[in-house]
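Quick note on labels: first sequence line is chain A, next is B, and so on, each numbered from 1.
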Number of protein chains: 2
Amino acid sequence: MPSTNLTFTSRNAHRAWLATQAALPAGFRVGTTRFEFTPREAPKPAKMTLTLIALDQPTRDFGAVFTRNAFPGAPILVGRQRLREETLGAIVVNNKISNVCAPGGVETAEKICLATARRLGLSGNQVLPSSTGVIGWSLPADAMIAALPQAVDALAPGSILPAAEGIVTTDLYPKVRRASVGPGSIVGIAKGAGMIEPNLATMLVYILTDIAIPRAELRAMLVRAVEPSFNAISIDSDTSTSDTVAIVSSSKVHGVDLAAFEAALALVCRDLAEDVVRNGEGVRHVIRVAVKNATTNHLARSLGKVIVNAPLFKCAVAGNDPNVGRLVQAIGKHVGAFAPETDLSKLRLRLGGIEIFASGVFQLNPEKEAALVAHLKDAELYASAAPKDGVYAPAVDYPPHERCVEIEVDLGSGPHAATVFGGDLTHEYVSENADYRS
Amino acid sequence: MPSTNLTFTSRNAHRAWLATQAALPAGFRVGTTRFEFTPREAPKPAKMTLTLIALDQPTRDFGAVFTRNAFPGAPILVGRQRLREETLGAIVVNNKISNVCAPGGVETAEKICLATARRLGLSGNQVLPSSTGVIGWSLPADAMIAALPQAVDALAPGSILPAAEGIVTTDLYPKVRRASVGPGSIVGIAKGAGMIEPNLATMLVYILTDIAIPRAELRAMLVRAVEPSFNAISIDSDTSTSDTVAIVSSSKVHGVDLAAFEAALALVCRDLAEDVVRNGEGVRHVIRVAVKNATTNHLARSLGKVIVNAPLFKCAVAGNDPNVGRLVQAIGKHVGAFAPETDLSKLRLRLGGIEIFASGVFQLNPEKEAALVAHLKDAELYASAAPKDGVYAPAVDYPPHERCVEIEVDLGSGPHAATVFGGDLTHEYVSENADYRS
């Protein structure tokens, strides 16, 4: 179950709620600027937003986890070095170009960090860079450095919303989640599975807090919080070369209970992760798979991932079609290929709380079928409409509700469980990624 | 490269060529019948085709490989037993319902085998059953048994085409490939990735030969032929619960060289496998990935599979968009997650013969970009057209050509290689699997 059960009837209602989430913790300022430039590899004008997140004073208490893709972007390579630095003073984020395997990518990232640092009275290695966008193109370093003063001038405390809006690409809406812990707070923002033009989606997440948590504990908590949240979602099984989840504490608020902080951090991560899926490219249904009573944690997690990534099942969900044969197929293909020793005789499957499989056979009838269709329709975020030009676009730019397609996979054979989130496979996804040239 | 380089400008031209492929080897007859029935689980009329492949005399020389899905269909369970029998006399195939995890599925399959056997003067365990279609529904045994006499009456030598047409679901066209070896021949038919109504695709392949090859050799050759052909393709990563490749020799022709037979069998399997991909659901580009100089065969094969299953790259190909960043992403996600010890520093990538990545960086410029677009367009089977009702359908019901999107992944670090075939991800795929209720 989500920690919230929000519904929004309009973009304005959603924006008003975002404003209630967006108060910056003490000790941070954010600023953005947007400018036009011409990429070297594809010479036609494009726009980029530069986002700065600055601390009033550099902090020792920060951490990050990065992509496991074997071709990490240059900002990831630089970011891994930053984790070894004494302190962090700022984060500089650009969209539009991801700076992955581009000639001289690391040097360019360092150059932009240095220019940012000079404007903020820091050294270059106190600045964490992040980039998202087209893979393979080169960052326009000169244009970015020329734009920096505007971003610095825009730096302001108060709201994180400018940063939440600055880091997006084709996200339909900004994503902000907060939690208060005693007199302090945790605020996270996420850039989800969208692109300015079709290209690899990147997930960027920045979590800010004013609560003083020593670096070692902060980093350990982040790793634990990321596992059941960001590492438990999948839009399309593709792993970005730039994924980043960073956490920074300004350490202004002392004396907060560590366990209370960690619980709040886990909640912020889980809600943001679910937001990323809900705003995933072309997603019209969020699918939540709860795998229970598995012999290993790995089996529980991987089975959930396989289900939310099975193209035929995803298409069925898109069509509000309770084609449960495809669900059983997905479980069987994974177990058959990767865990053939698994005993599936006790498998029970529920969709929308309705038992559909037990004792090795389907448990179906026309009445259940009707109830399953109703469950799928209830979880639909918006209805798909065929456009005249064949290029499908989402009908909403806000999240109408937080209901999911609920799948329970009970293996009946062990103590392990995992919950995984994913989306359906829709015409809107194909339009986003095939109907426009990158 | 394909063993053929066929082009067809019309359905009639393709059918005329199929007729040249379809001569049945000596000792076989095929017959089909089509009838209406009402499924128990979803009470509205549906149609089924029953296909019989009968030997003039039962043979010891037959074999089959089956799905590795952990929920194999009832015909698979029965088929595994048949491999232990002395002889095989006939194959009975139905489409529309796959008989997977349906209550009493094995008993129903055996009942239909027995009824078939009685009509043909065989015993039930001399009949191999196959089913494809909706998962979870029950076979209409009474209606099938009532229809059997018509299929038996239709049995005729001469052409395998009635069987190639009888086993399909939403395949656009029947698939037949042959090879002559000395005075004998091998003829194979395949049912590919299509469905009468959206449901799990099943691959069914039947290879008939009149060349006498002892059972043990025949089965060993089949396993070897299946690896680089049917086990090297993927439409959507979903593994059917019913996949079957069966081979049957009538043993009429003796004295053929074993090595010549095996080479011909490999060719028939490879061409049929490529046909299955070319006629895959919604496929508008066939993608051939040749992975070279890998440290292990497993890495070569799995890397190829990951590339042809990466949704974002598949969408880019659908849009004739050489978004090579998505290709590198796919390689990086697999190596990062499953083979992090792999040295990628020597990786060279070619698309359509054009080098796009070497020495750790992209090798791109506007001229190459134009040539890459031209390669993708040349490999397109048909252009997608936006329909008024939003339900996309293929523009052809024959294979216009055999050109592929050619990808070469040279790892530069070992002796192993593998070639994998897949397709793009299109609106036609989503329409096939989401826009109709199953």
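- Contacts between A/Thr342 and chain B at a heavy-atom distance below 4.5 Å are absent for every atom of the residue.
- Considering only heavy-atom pairs separated by less than 4.5 Å from chain B, the leading option among A/Gly332, A/Pro366, A/Ala102, A/Pro103 is A/Gly332.
- Taking 4.5 Å as the limit, some side-chain heavy atom of B/Arg326 sits within range of a side-chain heavy atom of A/Asn433.
- Between the side chain of A/Tyr429 and the backbone N or O of B/Cys315, no donor-acceptor pair lies under 3.5 Å.
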> For A/Val100 and B/Val328, what are the C-alpha separation, side-chain angles and deciding distance, and is it a side chain to side chain contact (heavy atoms under 4.5 Å, CB included)?
Replying inline: CA-CA 10 Å; A/Val100 176; B/Val328 168; 5.5 Å; no

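- Each of A/Val306, A/Ile331, A/Asp389, A/Leu344 has some count of heavy-atom pairs under 4.5 Å with chain B, and the biggest count is that of A/Leu344.
- Between the CD atom of A/Gln363 and the SG atom of B/Cys101 there is a distance of 11.0 Å, given to the nearest 0.5 Å.
- The neighbour count for B/Tyr382 OH, taken as heavy atoms of other residues, nucleotides or ligands under 6.0 Å away, is above 12.
- With a threshold of 4.5 angstrom between heavy atoms, A/Ile356 does not approach chain B through any atom at all.
- A donor-acceptor pair is defined here as one N or O able to donate and one able to accept, closer than 3.5 Å; no such pair exists between the side chain of A/Tyr392 and the backbone of B/His427.
- Here A/Leu425 contributes atom CG and B/Leu425 contributes atom CG; the two are 5.5 Å apart, rounded to the nearest 0.5 Å.
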> Given the rule in the side chain to side chain contact (heavy atoms under 4.5 Å, CB included) test, do A/Leu312 and B/Glu281 qualify, once you have shown the distances and angles that lead to the verdict?
Replying inline: CA-CA 11 Å; A/Leu312 288 170; B/Glu281 287 184 332; 4.0 Å; yes

> Can A/Phe362 and B/Phe71 be said to form a ring pair (Phe, Tyr, Trp, His ring centres under 6.0 Å), step by step?
Replying inline: CA-CA 12 Å; A/Phe362 287 95; B/Phe71 287 109; 8.2 Å; no

